[in-house]
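Here is the structure we will look at, set down as structure tokens.
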Amino acid sequence: MPKILMKGAEAIGEAAIRAGCLSYFGYPITPQSEVGEYMSRRLPEVGGVFVQAESEVAASQMIYGASGAGVRVMTTTSSPGFSLMAEAMSYIAASELPAVVVNIVRGGPGLGGILPSQGDYFQAVKGGGHGDYRCLVLAPATVQEFVECVMKAFPLAEKYLNPVLLIGDGMIAQMMEPVDFDAVKTEPQRDVEAWATTGCKDRPRNVVECLWLDPKLCEDFNFELIEKYKKMAAEDCYFEEYELDDQPEMVVVAYGTTSRIVRTAIEELRKDGYKLGMLRPITLFPFPFDRLRALSETAHVKAFSVIEMSQGQMIEDVRWAIRDKFPVGFFCRMGGIVPSPEEVIDFLKQEFVTRGLKGAKS
Amino acid sequence: MPKILMKGAEAIGEAAIRAGCLSYFGYPITPQSEVGEYMSRRLPEVGGVFVQAESEVAASQMIYGASGAGVRVMTTTSSPGFSLMAEAMSYIAASELPAVVVNIVRGGPGLGGILPSQGDYFQAVKGGGHGDYRCLVLAPATVQEFVECVMKAFPLAEKYLNPVLLIGDGMIAQMMEPVDFDAVKTEPQRDVEAWATTGCKDRPRNVVECLWLDPKLCEDFNFELIEKYKKMAAEDCYFEEYELDDQPEMVVVAYGTTSRIVRTAIEELRKDGYKLGMLRPITLFPFPFDRLRALSETAHVKAFSVIEMSQGQMIEDVRWAIRDKFPVGFFCRMGGIVPSPEEVIDFLKQEFVTRGLKGAKS
Amino acid sequence: MKTIFERPQSMTKAETHYCPGCTHGVAHRMVAEIIDELGIREKTVGIAPVGCSVLIYRYMDTDMQSAAHGRAPAVATGVKRVRPELCVYTYQGDGDLASIGMGEIVHAANRGEKITVVFINNAVYGMTGGQMAPTTMPGQKTTTSPKGRDVAQSGMPIRMAELLSTLRTPSYVVRSSLHTPHHIIQSKQALRRAFQYQLAGTCFSFVELLSICPTNWGITPVQSNKWLEETMLPYYPLGIFKTPEDK
Amino acid sequence: MKTIFERPQSMTKAETHYCPGCTHGVAHRMVAEIIDELGIREKTVGIAPVGCSVLIYRYMDTDMQSAAHGRAPAVATGVKRVRPELCVYTYQGDGDLASIGMGEIVHAANRGEKITVVFINNAVYGMTGGQMAPTTMPGQKTTTSPKGRDVAQSGMPIRMAELLSTLRTPSYVVRSSLHTPHHIIQSKQALRRAFQYQLAGTCFSFVELLSICPTNWGITPVQSNKWLEETMLPYYPLGIFKTPEDK
Amino acid sequence: MQNEILMAGFGGQGVMTIGKFLAEGALENGQEVAWIPSYGPEMRGGTAYCTVVVADRPIGSPVVNVPTNILVMNRPSMAKFEPVVKPGGALIVNSSLVPEVSGRTDILQVRVPCNDLSIQHTGTSRSANIAGLGGSVGATDMVPLALVEAFLTRKFKKNQTVLETNLAIFKAAYQIGAEARAAWLAKKGGN
Amino acid sequence: MQNEILMAGFGGQGVMTIGKFLAEGALENGQEVAWIPSYGPEMRGGTAYCTVVVADRPIGSPVVNVPTNILVMNRPSMAKFEPVVKPGGALIVNSSLVPEVSGRTDILQVRVPCNDLSIQHTGTSRSANIAGLGGSVGATDMVPLALVEAFLTRKFKKNQTVLETNLAIFKAAYQIGAEARAAWLAKKGGN
Amino acid sequence: MPSVNVDKNICKGCEHCNVACPQKVLEMSKDINEKGYFFSYPAHPHRCIGCTMCAISCPDMAIKIKVHGTQYKYFSY
Amino acid sequence: MPSVNVDKNICKGCEHCNVACPQKVLEMSKDINEKGYFFSYPAHPHRCIGCTMCAISCPDMAIKIKVHGTQYKYFSY
Ligand SMILES: Cc1ncc(C[n+]2csc(CCOP(=O)(O)OP(=O)(O)O)c2C)c(N)n1
Ligand SMILES: Cc1ncc(C[n+]2csc(CCOP(=O)(O)OP(=O)(O)O)c2C)c(N)n1
Ligand code: SF4
Ligand code: SF4
Ligand code: SF4
Ligand code: SF4
Ligand code: SF4
Ligand code: SF4
Ligand SMILES: [Mg+2]
Ligand SMILES: [Mg+2]
């Protein structure tokens, strides 16, 4: 199949279907209602299930049910809607179910606005809901990568029996880019008979629940979770290194939409001789902690910068990773404003000065 | 008034009333339903308002309304219930309203259990809901301190026009300890006419909302929030230092119930000549970041340990604060199990060995 | 020269953002007129929903508060309980009230909160671009029911006035419409009575107003009024479903 | 010797944690008996609520799933929609279904989900220690209505069967009771019919069962049955409120 | 100095209540005190217990895995807690319901016929817990007798009969406890 | 090499649609392409715009504050975007609705009577956007004429009349754009 | 004598008032207003009876009605 | 002949079966069972007519009923 031009939101829906996800439960919210609209058209065509839930609370519990019944299932929402899913996310993680959730983050807090933001980083990577659980969090930067991540999300969720959360923003959800669905191969769903509620024919009954009367068992489960998250860090931590090969002086850390702006900025700055590159986390949890620490320990790297569309959330993980070895430069736009390449370039140039780096060839 | 013996949950209710909070909206959940039960008895006696909401979602929106109307208001809940308040917490913070919320954390994730836990640290301090907002988070360790914190919470919420979250657990909520309500003086509520919806008589109308059509205004608001949080860190970061005066070798960091166990453990270990003390954060946000960093930079401190009833959440803030200068020892019990002084003592003794510290007098 | 009709005092000078012909504007104006007539501008607090009318707080020159999507009745409960001397109303769309906010409206009504609810039923999610609402008519095409609402999958439209009037707690529940001057006059009377019940401390009051959404229905405002009359009216009968005097 | 009454096959061997006399046990057993009688153990999935019956998943020897408090109808929707060949039921208390779960039950019923809902109305929050429920009787003392439910503050008890039967989507809605053998027999018939409607793919089915909570009512089981009869029955009339054949 | 007593019994036996009474007495005595209930997810009507910690300075850990003293009001509690008493501490046993006798020699054992004492004074078992309290105060001397008595007097002042029978039961049980303690101390002293 | 065009007009004028057509043409051409709508919280029926970015390698920032080319279909868009065109770029103006003429000399200005062209061929303004597209392709040469034409042909193949009039409008407008461009390039070359 | 006044630039051209007027006083303009809409205007002002039907139908409060002398009140609204 | 059997240690002593039995077959014991409850037992087994009223009323499935020979079915349940 040739590349086709597709809106991010619709590509998310199509990617799920191609990944064998034939069930979608969701509640409309800008800027991603198009996912549900697309699913309401497409799923009946392929014999799938589309239900417009009465709320995000209900949608998240529907995917809890459907996932427990052993099928691939997805819901999508945007910031306030994701907050309403907090209880269910905790239940899904606690019941060890695979489910895929997409949060197209918008300006916040509160009702906020509908424009792009990265203000839900903490909520995504530090739990959001109650208790010690983590989602595996993917943060693609292009429509194509969103498609790939959605298609990978299902097998990942099944590998860990854990919810996988994808975060993006209205920029990616609303823009059209060429998409090549054939670039990613789908992994078929593993057998679910060991845990899913498919009817207890020819096997002992399966029970999906997350209540522990005996605190010792609850503790044991929490220790298992620790191991699970370690395994994620070891096996499924993804990031992209951009222009980090030639011993750059500065490493910029950015993800999602912001990373695209940074990419352009680096391209421009490199033309002027600035030696800098980018570490772009693709998984926000697990976070490329080790790689960042290693970079901070090289002789050539002398400065880090973080660009976010938030007050500074990921930067906490970056500062910890690099042990606050250098002050970390931070630039942000917020409330729905996407930083422009120009202002990022200006900021980074200034950082070169402030940190006393070589900068442009003189 | 003499000290009276009171259950933590009831003391929370009484403290609120004595702080002039005459309205309570809540939904029952173990192990803190006694707060609502107490309020349903007491509030009518003092001319206050008690409403049993239909859910935590509704309860949190009721306090949003009541707080917007300019009165002191409180709700209390436990972990799964707090997850359901995520959207409202974000709204309350975004609308800059003072409201006091108590989360009596229980074993999780999911339905979990009802016994003590500290697994909601991330949810409490890193937002929980969507968008860039923080609650001022207090974590008292005794019933008396809970009373003091509740009474302080209202003026703090009003100072910052920000939600104040108190976290505790079933140990503190269910136990009885002597309480002296007179030990804390209440600050009267400030004038609310500038922002509260009390009816627009003799003044321009007040509007409580959190939608920004212009992203620039939303961004401006986010920059104001950054300043607000800085101010909190500068003016209202509270912690207790226990046995840190005599140049101890090890600093243990623990809060809430866990800190009580650690206190006993330190007492015992000191008898054997171990030189160690505790830094007990009382505010979890703002976190005593600077003090910890300063301690890590002293000549005498050679090790840090963190004790939590979670997989390790606060430890991330500790490790960042001390720049991972030393490996940080970590001990936890989870799922509702409170660590015993004995096992904490054993762990800390072992840490003295592992880290090559002097330890017991020989 | 005497002015016999003009913009009510209780509205700000702001122009609304509504699409041409959208009857949200008519409902807003009537609420403001009643506030003027009853002289309660200085003690009224309106609660805005999330939906096209999210910005009602810009148009009403009274104290206003917003609510999260669907939760206006809970926010109103919070305000009214702590300040019972105020007049508190919510203004909500059908997605807001009948979908995500079902729990809150039923419980506020059942507790008998002394608030007034203005419920704009336009059979669709206006603000988010025309998705199916619980009130969408059978066969009606929306962006999430591209072949028309399939009652086998999504059930029949929910009739909130009927549903709320089954509760045993006394209340005033009425359905009216905004598609002709005649119906607008009736709606105004229903709204006035609703506010009066609140001011007298009598009961919870609920006014469902059938309204048009030309943009998402994909027809002109005038055609929309016709569609409302022909399609919605037979399913959503107008009238008083309950008064506090009943039973 | 022929056994004419024994523990149903579809129950596990676990003893329940219920208080002496609590009729949750009777309802559990009847559901299991019906599963046995209809031979559907291998295709049944029950959805547990949060409430005293949270542990029903330990007692039913079928696949089971739990739901967050109040959300069982949404979880059931998820299961049933993706596996329509299964028989899916929820089992919910009155706090679970009528308070926090009001939105989910109304919408599942209105969408016409082909599920069965077993609704245990014991007029109180059992599990959390006897707080007021939406179904608590006027004047009934609970831990959050220490002077008895004050209808001026909390409204009248909600009658779910009546409320759900106003929806236009076809369904089977019935109220029965568990306080005498006679009523238990009737309840069993209602439950059977409810499951049969589901198996035939006909409609949503809902069985409200009046039940006792001796512990939180503070009286003996036998006294509780009397209280149910005298206090609850007059307000919660028994009978079939709706069948899919209606209208 | 810190001293603890764990009090255990059936759900309806009133051990939580006497724990509170004891704690109130200690508070009156100017001691630091904490009363910690078991509120775990037990089966309704199962065993219940609480711990009362009394100390002369602020109480750190309210978790006491090895309490100095334990009162067991029924058989399951005996089975569960008998091994846990701290060496040197006291085990107070409701001998009316617990036939078993502990084999431990490192602790003081006091057998108080709580139900019998209650039936004797009231005709019912309702005040067995008061006997448990009396035995505990006597056997541990955690809180001065007079203060607990004073608290009971205030608590039941509304009903003179109840007050009198309760005080009688309390004292009788106290006597048993105190005597056993005296004997044990004497013996220990004599070692 | 990266090239951008921002296309702006009233809500109903179809600028989003022609942006997509242009992007489809670029995709066909093997170029990298991104189509970014404005989806801000505008008043319903207000101005709408989209940006089409075309490049020969992966597109980084989809945010383009200073686009090379801009098409303005109505007066408010002219007012808002005229100052923003990158020096050296092109401003395509729907002269049917925009009387104003830009004073800038550092850009190519092309005035295309979009509504007039549409009315001329269809009797209505409905295809004014196609004229805007034609003018833009002509004035920018971002995407080869033939590919856009081919796409339009596929797009409207179901209705022959619509197809024919659209192609006619498209070509007429293209002509205007292409000629202006040629003249401008010649002039620049001559500098 | 009633006089109906439509604020041309507030009008969004929905035509509700045109339909509502029992006297067919109002019609839609051929020009567009600042917002780009065809607006309503009193094409036959002399026919106006001051019934306010147009005004109560207008979602945008573009219509103001004044009277000279006494005015029959057609309905209580 | 019907025979009613109560599992003493499953019984929680609620007395529902005592009340339910039309023949007053069942009574409560004076002893307590393992769980600490007074339990139900067939004090007058010969009166039993096998109607299962007791069994359907028992929340704990403590009652099992067997018959010898044919048994009249009192109700369809
Ligand atoms: C929690 C949450 N979910 C979803 C949305 C998105 N949303 C905004 S308005 C709306 C529906 C509006 O429809 P309705 O209430 O019928 O009002 P109308 O616009 O038709 O007047 C939705 C789903 C939101 N803002 N918040
Ligand atoms: C989100 C959430 N809120 C509250 C609770 C606490 N809770 C558990 S069960 C329950 C009520 C149970 O009452 P009901 O549904 O009537 O069941 P019953 O115990 O009476 O059978 C509540 C409020 C919870 N577990 N989760
Ligand atoms: S979208 Fe519909 S409801 Fe919203 S303003 Fe436009 S016409 Fe009115
Ligand atoms: S508390 Fe009530 S509902 Fe729960 S098991 Fe006991 S009697 Fe049954
Ligand atoms: S006032 Fe009446 S008659 Fe006059 S223009 Fe308006 S509707 Fe027509
Ligand atoms: S009703 Fe109002 S907005 Fe509509 S056409 Fe008439 S004057 Fe204009
Ligand atoms: S079967 Fe009937 S007669 Fe026999 S004991 Fe049971 S209830 Fe009584
Ligand atoms: S009904 Fe069952 S549990 Fe109750 S007394 Fe009879 S046998 Fe025992
Ligand atoms: Mg609507
Ligand atoms: Mg109940």
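Each chain gets a letter, A, B and so on, in the order its sequence line appears, and its residues count up from 1.
In terms of heavy-atom pairs under 4.5 angstrom with chain B, the leader among Ala321(A), Ala86(A), Pro80(A) is Pro80(A). With respect to chain A, the highest number of heavy-atom pairs below 4.5 Å among Ala124(B), Gly129(B), Ala88(B) belongs to Gly129(B). Of the residues considered (Gly110(B), Cys218(B), Gly336(B)), Gly110(B) shows the highest number of contacts with chain A, using heavy-atom pairs under 4.5 Å. Listed options Gly312(B), Gly113(B), Gly107(B), Ser310(B) were ranked by heavy-atom pairs under 4.5 angstrom with chain A; first place goes to Ser310(B). Of the listed residues (Arg106(A), Glu209(A), Met89(A), Arg293(A)), the greatest number of heavy-atom pairs within a distance under 4.5 Å of chain B belongs to Arg293(A). When each of Gly108(B), Gly119(B), Ser83(B) is checked for heavy-atom pairs under 4.5 Å with chain A, Ser83(B) comes out on top. In terms of heavy-atom pairs under 4.5 angstrom with chain A, the leader among Ser78(B), Gly112(B), Ala94(B) is Gly112(B). Taking chain B as the reference chain and counting heavy-atom pairs below 4.5 Å, the highest number among Asp120(A), Asp324(A), Val57(A) is found for Asp324(A).
Annotation: side chain of Lys216(A) is in contact with side chain of Ile337(B) (closest heavy-atom distance under 4.5 Å). Looking at heavy atoms from C-beta onward, His130(B) lies out of side-chain contact with Val105(A) at the 4.5 angstrom threshold. Side-chain contact between Ile322(B) and Arg323(A) is absent, with no heavy atoms from C-beta onward closer than 4.5 Å. For the pair Asn222(B) and Pro109(A), the minimum side-chain heavy-atom distance is below 4.5 Å. Counting heavy atoms from C-beta outward, Met334(A) and Asp220(B) have side chains that stay 4.5 Å or more apart. Using a 4.5 Å heavy-atom threshold, the side chains of Leu225(B) and Gln311(A) count as touching.
Side-chain atoms of Glu219(B) never come within 3.5 Å of backbone atoms of Gly335(A) as a donor-acceptor pair (strictly under, hydrogens ignored).
With sequence neighbours excluded, no residue satisfies salt bridge (charged side-chain N to carboxylate O under 4.0 Å, His left out) with Glu87(B). The salt bridge (charged side-chain N to carboxylate O under 4.0 Å, His left out) test applied to Lys126(A) returns Asp317(A), Glu316(B), not counting sequence neighbours. Applying the salt bridge (charged side-chain N to carboxylate O under 4.0 Å, His left out) rule to Glu343(B) yields the partners Arg333(B); only residues at least two apart in sequence or on another chain are considered.
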message: Run Phe122(A) and Arg134(B) through side chain to side chain contact (heavy atoms under 4.5 Å, CB included) and show every step you take.
response: CA-CA 11 Å; Phe122(A) 279 146; Arg134(B) 304 288 190 112; 3.0 Å; yes

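Contacts between Ser95(A) and chain B at a heavy-atom distance below 4.5 Å are absent for every atom of the residue. Using a 4.5 Å cut-off between heavy atoms, Tyr229(A) contacts chain B through its side chain alone, with no backbone atom that close. Residue Ser117(A) does not touch chain B at all, counting heavy-atom pairs closer than 4.5 Å.
Contacts of residues 325-332 of chain B with chain A at a heavy-atom distance below 4.5 Å involve Cys332(B), listed in sequence order.
Between Pro215(A) and Leu115(B), the shortest heavy-atom distance links the atoms CG-CD1, 3.6 Å.
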